[in-house]
Amino acid sequence: MSELTLTVMRLGFLAVLWLFVIVAVQVIRSDLFGTRVTRRAAAAQPRPAPRPRAPPQDARGGRGGRRGQRGAPTKLVVTEGSLTGTTVTLQGQTITLGRAHDSTIVLDDDYASSRHARIYPDRDGRWIVEDLGSTNGTYLDRTRLTSPVPIPPGAPIRIGKTVIELRK
């Protein structure tokens, strides 16, 4: 082989070796310090769903339906995990949970999927939790969800290290 070919091969090998070292350092750095989580601006958060019209009054002057029932939960509170203390007001919209940046509650948890679960109201005014095919599962009161289930107020919903409750 010529001297030029040998020199080019040595420089190519050296470049590949340095590339490997740089990638290895970046992987170790991300494992030690984690990924950077950016907070969404207020303008980027989803708009609340329009409020439903009030049902017509019956003959006694009361309202029909069960949406405005007494004792119904009004907020979703994160009680454990990296977002402890975060509160989301329940306004009739679907709440998505996961690692994806467009989720209503973005979970910085290694055990959460990007689209992990959703919480939504049904026609009777109850709130339903549904696992969206996550790897590690969604738990309601220590029971792994296999289908959509109504959430009793105060019952813990566990997604990885994060625990969420419906409260009045």
For P148 against I128, the heavy-atom pair lying closest together: CB-CG2, 3.6 Å
Donor-acceptor pair, side chain of D141 and main chain of A155, under 3.5 angstrom: no
Minimum heavy-atom distance S103-L97, with the two atoms named: OG-C, 4.1 Å
Least distance between heavy atoms, K168 atom then K75 atom: O-CE, 3.5 Å
Single-linkage hydrophobic cluster, 4.5 Å side-chain cutoff, V77 and V106 together: no
P121 versus W127, closest heavy-atom pair with distance: CD-CZ3, 3.4 Å
Joint hydrophobic cluster, I157 plus L83, side-chain heavy atoms closer than 4.5 Å: yes
side-chain contact (heavy atoms from CB on, under 4.5 Å) partner of S113, the single match among L107, T135, N136: T135
R144 vs T138 side-chain heavy atoms within contact, under 4.5 Å: no
Main-chain N/O of A100 paired with S114 side-chain donor or acceptor, under 3.5 Å: no
Beyond-backbone contact of R167 with L90, side-chain heavy atoms, under 4.5 angstrom: no
Where I159 and A117 come nearest, the two heavy atoms and their spacing: CD1-CB, 4.1 Å
N/O donor-acceptor pair under 3.5 Å between D124 side chain and R126 backbone: no
Distance, nearest 0.5 Å, that separates CG of L19 from CG of L14: 11.5 Å
Minimal non-hydrogen separation, Q93 against T89, with atom names: NE2-O, 3.7 Å
Donor-acceptor contact below 3.5 Å, side chain D109 vs main chain K161: yes
Atom pair OG1 (T146) and CD (E130), whose distance is rounded to the nearest 0.5 Å: 11.0 Å
Between CG on residue L145 and OH on residue Y139, distance to nearest 0.5 Å: 9.5 Å
Donor-acceptor contact below 3.5 Å, side chain T96 vs main chain R118: no
Pairwise distance CG(D131) to NE2(H116) - rounded to 0.5 angstrom: 5.0 Å
Verdict with supporting geometry, T162 and V78, side chain to side chain contact (heavy atoms under 4.5 Å, CB included): CA-CA 7 Å; T162 305; V78 179; 3.9 Å; yes
Any side-chain heavy-atom pair of L76 and L166 under 4.5 Å: yes
Approximate separation, where rounding is to 0.5 Å, of Q91 CD and T74 OG1: 10.5 Å
Approximate separation, where rounding is to 0.5 Å, of I164 CD1 and R158 CZ: 10.5 Å
